Amino acid sequence: MDHHLFTQPSVCEINQPTALTLRLSESVSDLLVLSTMSNPLVEFVVSQVNHTQATLIIRIQPFLTFAFEHTQPLIQTPAQRRSVGQGIKLYPSMGVAPRVCIEQLRRGVTININVDEDMYFRLSAEARFELVTLENDLRILSEPQALVMAKAILGRKFDYNEPSNMLAVHISELEQVRRELRDYLSGESGKIHPGVSTELLKLDHLLQNKHQWLLRTYHQSLERPNLGRSSNEQLYNNEQLQRKLDCFELLAPKDVSEMVTKLCDDDL
């Protein structure tokens, strides 16, 4: 089902406790990754297992890179157990803002893999991702992803002081969620309960208000160097200008000062 999402499979040999670290390629922008965060990022399939040695088939999203590093076995840590022929996928956690997941992918997300008759996959407690077995991958039967993300974005507080490039990411994220909400409403027309449809329309209206606010903040951040100052505010007040004028009168030759005074009198 997800063949169009992944790169060609990679076959990897695992013979001791291993940490697989996933990272975003440095050349990939956040805006490109944003549109793919509702899809699985990695798929693992166990090909062979022989005591403490195993063969693993890995398929990843093309914007990700991965590296293996030997590590110490983790004891009493919750893990997903997989046997030969079984698989597992890595998804962003439901209800977590894509921006948070993207930032964590920039730093690196580690999956600990161990082999002991079967294969065991573990994520750290801080990871904003989850491992879902292939037979339990029921994301399509859960609450619509667009609805989950809309609620998460509306509950998030934005920072006035964020740079303009991050504000652009937030704006694109809002536009994407609003588009997904509208597509869901049009695609499921006549099938959605009227109460749910009303809630979706209300969320879309709230998202539109937040989008307008973010867009205005973004334009203001481009037009002025400090959000505490209006775009047309003078950089110098009258007292500063008067002091500069006094210094000019003291340092300028007498004939120049008289000429300036005469010109000002003529204007009056």
Side-chain angles (χ1 to χ4, degrees), residues 1-7 10 19-45 58-67 77-80 82 87-113 121-158 162 165-181 183-184 200 203 207 210 214:
M1 182 180 296
D2 300 316
H3 284 279
H4 63 289
L5 300 175
F6 298 117
T7 59
S10 299
L20 183 149
T21 302
L22 297 163
R23 282 190 174 87
L24 283 177
S25 302
E26 294 182 0
S27 59
V28 176
S29 69
D30 293 352
L31 295 177
L32 175 63
V33 182
L34 186 64
S35 62
T36 64
M37 293 305 290
S38 60
N39 300 317
L41 301 177
V42 187
E43 181 185 80
F44 303 97
V45 176
I58 301 176
R59 298 191 303 157
I60 66 172
Q61 293 267 16
F63 51 80
L64 291 173
T65 62
F66 66 93
T77 304
Q80 294 277 11
R82 301 279 79 190
I88 197 167
K89 294 179 182 179
L90 179 72
Y91 278 99
S93 295
M94 296 286 286
V96 176
R99 177 183 56 84
V100 176
C101 298
I102 292 172
E103 289 176 356
Q104 196 165 78
L105 280 173
R106 291 281 182 201
R107 297 191 300 267
V109 176
T110 300
I111 303 173
N112 292 285
I113 303 173
F121 299 84
R122 297 176 174 87
L123 279 171
S124 65
E126 296 77 18
R128 301 299 185 187
F129 298 85
E130 57 183 322
L131 292 166
V132 180
T133 58
L134 296 187
E135 64 270 21
N136 293 320
D137 185 8
L138 304 178
R139 286 275 180 124
I140 57 175
L141 300 180
S142 62
E143 190 176 47
Q145 180 73 7
L147 182 59
V148 174
M149 295 311 306
K151 293 179 179 178
I153 291 175
L154 289 173
R156 191 195 317 163
K157 292 184 178 180
F158 294 97
E162 284 190 306
N165 61 328
M166 285 306 304
L167 290 174
V169 173
H170 295 324
I171 291 169
S172 298
E173 183 179 353
L174 275 169
E175 291 174 346
Q176 178 181 321
V177 172
R178 289 193 65 206
R179 185 165 53 250
E180 290 176 354
L181 277 178
D183 291 344
Y184 181 75
L200 291 173
L203 289 174
L207 287 172
K210 180 161 281 192
L214 271 176

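Excluded from the calculations below are hydrogen atoms, water molecules and symmetry mates; all remaining heavy atoms, backbone and side chain alike, are included. These figures come from a predicted structure and were not determined experimentally.
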Subject >> Verdict with reasoning, Tyr91 to Asp137, per side chain to side chain contact (heavy atoms under 4.5 Å, CB included) >> reply: CA-CA 10 Å; Tyr91 278 99; Asp137 185 8; 2.8 Å; yes
Original post:
Shortest non-hydrogen contact from Ile58 to Phe66?
Top reply: CD1-CE1, 4.4 Å
**OP:** Could you tell me whether the side chain of Val45 reaches within less than 4.5 Å of the side chain of Arg59, counting heavy atoms only?
**Re:** no
**OP:** Please report the shortest heavy-atom distance between Glu43 and Leu134, naming the atom on each side.
**Re:** OE2-CD2, 4.0 Å
Original post:
Can you tell me how far NZ of Lys210 sits from NE2 of His170, rounded to the nearest 0.5 angstrom?
Top reply: 10.0 Å
**OP:** Could you go through the side chain to side chain contact (heavy atoms under 4.5 Å, CB included) check for Val42 and Ile111 one step at a time?
**Re:** CA-CA 11 Å; Val42 187; Ile111 303 173; 5.6 Å; no
Subject >> Validation row: Val169, Ile102 side chains within 4.5 angstrom (heavy atoms) >> reply: no
Subject >> Note: Arg99-Glu103 ion pair, threshold 4.0 Å (strictly below) >> reply: yes
Subject >> Value rounded to 0.5 Å, distance of OG in Ser93 from CZ in Arg128 >> reply: 7.5 Å
**OP:** Considering non-hydrogen atoms only, spot the tightest contact between Gly87 and Arg82 and give its length.
**Re:** O-NH1, 2.9 Å
**OP:** Could you please spell out the steps behind the side chain to side chain contact (heavy atoms under 4.5 Å, CB included) verdict for Leu123 and Val109?
**Re:** CA-CA 8 Å; Leu123 279 171; Val109 176; 4.1 Å; yes
Subject >> Glu26, CD: over 12 other non-hydrogen atoms inside 6.0 angstrom >> reply: no
Original post:
How long is the span from the OG1 atom in Thr7 to the CZ atom in Phe63, to the nearest 0.5 Å?
Top reply: 10.5 Å
Original post:
Can you list the steps and then say if Leu64 with Leu24 is a side chain to side chain contact (heavy atoms under 4.5 Å, CB included)?
Top reply: CA-CA 5 Å; Leu64 291 173; Leu24 283 177; 3.8 Å; yes
**OP:** For residues Glu173 and Pro98, report the shortest heavy-atom separation together with the two atoms involved.
**Re:** OE2-CD, 3.0 Å
Original post:
Rounded to the nearest 0.5 Å, how far does OG1 of Thr110 lie from CZ of Arg23?
Top reply: 7.0 Å
**OP:** Report the distance from atom CG of Leu41 to atom CZ of Phe6, rounding to the nearest 0.5 Å.
**Re:** 8.0 Å
**OP:** Find out whether Leu105 and Phe129 are in side-chain contact, i.e. whether some heavy atom of one side chain is under 4.5 Å from a heavy atom of the other.
**Re:** yes
Original post:
Got a second to check how far Leu214's CG is from Ile171's CD1, nearest 0.5 Å?
Top reply: 5.5 Å
Subject >> Under 3.5 Å: donor-acceptor pair, side chain of Gln61, backbone of Val33 >> reply: no
**OP:** Determine the minimum heavy-atom distance between Lys89 and Pro40, stating which atoms define it.
**Re:** CD-CB, 4.0 Å
**OP:** Over all heavy atoms of both residues, which pair between Ile88 and Gln80 is shortest? Give the atoms and the distance, please.
**Re:** CD1-CB, 3.4 Å
